[in-house]
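Since the structure comes first, as structure tokens, the remarks are kept for the end.
Predicted model, so just to flag it, every value in this text is computed and none were measured. Quick note: numbers below take in every heavy atom, side chains included, and nothing from hydrogens, waters or symmetry partners.
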Amino acid sequence: MRLLAITPIVVDDAELARRQARYDALAPAGVTVVLEHLDPGSSGGGATGEPDGQTPRLPRALDTADDVRASERALHARYAAVDPTGWDAYLPDCVLDPLADLAEGEGAAGEGLAGLARPVLGLGRLTAAFVTGQGARLGAVARNAPIAAELDRRLGQYAAATVAPTAVLDLSVDDIADDATWAAAVERTVGGLDCDFVLNACSAVDVAEQARAPYVLDPTATALALLGLRARVTGRLDDASPATTAAPATTGATR
């Protein structure tokens with residue numbers, strides 16, 4: 001199973017490489033994830049304005065509700081421009097599942113959800129399903145209030161509401177790459193959550209193992225584990241032969 005992930009914000013090449021390394025390390029047998037820039041012509045310095053009212057703004061952080069909506073529009077435009085040859089599905093690199101609202105209906109004949117040429121998978125939806133499928137209680141933490149509000153809205157759509165509104169960590173976008181700072185903020189917060197699992201609302205942060213509940217879930221690791229099960233069930237463990245012909249020449253390790 002070969003998946004195309006695209007960042008929800010503008011990042012530099014070093015951050016893209018760090019996130020790709022996480023996907024490479026977490027991808028189970030039968031699953032390959034290739035991560036690309038939101039701005040295909042950028043190394044982190046793409047345009048962030050919307051001068052003509054048509055070109056989607058490319059946010060550098062999800063710090064406001066407007067940033068969240070801009071990210072959705074930019075991701076949809078980016079995936080719509082992709083040559084689907086060689087990809088089995090699209091996996092936005094964001095736990096907020098930015099294309100979910102657009103994916104409520106089928107596209108035209110031969111298209112996937114959201115009018116795109118391939119199905120759209122969601123890190124948040126897959127992680128929530130892992131918890132709700134067990135009948136367990138779900139909590140969540142997010143780095144700021146706009147992300148927390150959007151996550152609560154999204155989980156409500158999935159009938160996977162948390163036991164309390166998503167707790168806010170008050171972290172910056174730069175803290176995403178700082179595992180120690182993020183882990184300390186999570187540790188201070190999760191002790192007050194009365195639940196079985198806590199969804200860590202960032203796709204690009206490593207999560208340490210916990211000895212007891214509430215267990216903090218890495219949405220990327222959880223989603224990829226479930227997609228690995230799908231690969232085993234469908235017998236698609238050899239993703240050297242994707243659903244379509246001639247995979248594009250790009251990197252991304254198969255685990």
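- Looking at every heavy atom in both residues, Pro59 comes nearest to Pro8 through CG-O, 3.9 Å.
- Remark: Asn144 CG to Asp170 CG distance equals 8.5 Å, nearest 0.5 Å.
- Under a 4.0 Å N-O distance rule, the pair Asp101/Arg154 qualifies as a salt bridge.
- Under the 4.0 Å criterion applied to side-chain N and carboxylate O atoms, Asp63 and Arg143 are assigned as salt-bridge partners.
- For the residue pair Ala231 and Ala29, the shortest heavy atom distance occurs at CB-O, 4.2 Å.
- Put simply, the side chain of Arg78 gets close to the backbone of His37: a donor and an acceptor are under 3.5 Å apart.
- No side-chain donor-acceptor contact under 3.5 Å links Asp97 to the backbone of Ala100.
- In this structure, Leu229 CG and Leu224 CG are separated by 12.5 Å, a value rounded to the nearest 0.5 Å.
- No chain of hydrophobic side-chain contacts below 4.5 Å, direct or via other Ile, Leu, Val, Met, Phe, Trp or Tyr residues, connects Ile147 to Val168.
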Next on the checklist: Does Asp83 form a side-chain hydrogen bond (donor to acceptor under 3.5 Å, both in side chains) with Thr85? I'd like the steps, not just the answer.
Outcome noted: CA-CA 6 Å; Asp83 178 354; Thr85 303; 2.9 Å; yes
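- The closest donor-acceptor contact from the side chain of Ser71 to the backbone of Ile9 lies at 3.5 Å or more, if one exists at all.
- Just one residue in the list Arg19, Arg18, Arg22 forms a salt bridge (charged side-chain N to carboxylate O under 4.0 Å, His left out) with Asp93, and that residue is Arg19.
- Using cut-offs of 30° and 60° on the angle between ring planes, the pair Phe197 and Phe130 is perpendicular.
- Residue Val33 comes nearest to Gln20 through the heavy atom pair O-NE2, 2.9 Å, listed as atom of the first residue, atom of the second, then distance.
- Of the options Val10, Val173, Leu38, a side-chain contact (heavy atoms from CB on, under 4.5 Å) to Arg60 is made by Val10 and by none of the others.
- Considering every non-hydrogen atom in both Leu226 and Leu126, the closest pair reads CD1-O, 3.2 Å.
- Here the CZ-CG distance, from Arg125 to Leu96, works out to 14.5 Å after rounding to the nearest 0.5 Å.
- Side chains of Leu193 and Thr162 form no contact here, defined as non-hydrogen atoms less than 4.5 Å apart.
- A donor-acceptor pair is defined here as one N or O able to donate and one able to accept, closer than 3.5 Å; no such pair exists between the side chain of Glu15 and the backbone of Ala177.
- Between the CG atom in Leu121 and the CG atom in Leu4 there is a gap of 11.5 Å [rounded to 0.5 Å].
- Counting all heavy atoms, side chain and backbone alike, Ala61 lies closest to Asp67 at O-OD2, 3.1 Å.
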Next on the checklist: Using the rule given for side-chain contact (heavy atoms from CB on, under 4.5 Å), can you reason through Thr132 versus Tyr158, listing the C-alpha separation, both sets of side-chain angles and the distance that settles it, and then say yes or no?
Outcome noted: CA-CA 10 Å; Thr132 59; Tyr158 299 154; over 6 Å; no
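- Closest of all the heavy-atom pairs between Leu116 and Tyr79 is CD1-CB, 3.8 Å.
- Side-chain atoms of Asp218 do not come within 3.5 Å of backbone N or O of Asp206 as any donor-acceptor pair.
- Using a 4.0 Å cut-off between charged side-chain N and carboxylate O, Arg137 and Asp196 make a salt bridge.
- Put simply, CG on Leu155 and CG on Leu199 are 6.5 Å apart, with the number rounded to the nearest 0.5 Å.
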Next on the checklist: Using side-chain contact (heavy atoms from CB on, under 4.5 Å), reason through Val207 and Val186 one step at a time and then give a plain yes or no.
Outcome noted: CA-CA 10 Å; Val207 171; Val186 170; over 6 Å; no
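- When atom types are taken as modelled, the side chain of Asp175 and the backbone of Ser172 share a donor-acceptor pair closer than 3.5 angstrom.
- With values rounded to the nearest 0.5 angstrom, Leu35 atom CG is found 11.5 Å from Leu3 atom CG.
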Item to check | Full working for side-chain contact (heavy atoms from CB on, under 4.5 Å) between Val131 and Cys195 | outcome: CA-CA 11 Å; Val131 177; Cys195 58; over 6 Å; no
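- Checked by atom type and distance alone, the side chain of Asn200 never pairs as donor or acceptor with a backbone atom of Ala183 at under 3.5 Å.
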Checklist entry - Hey, mind stepping through Ile6 and Tyr90 against side-chain contact (heavy atoms from CB on, under 4.5 Å) and telling me if it holds? => result CA-CA 8 Å; Ile6 296 175; Tyr90 299 147; over 6 Å; no
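- In this structure, Glu187 places its CD atom where only 12 or fewer heavy-atom neighbours from other residues, nucleotides or ligands lie under 6.0 Å away.
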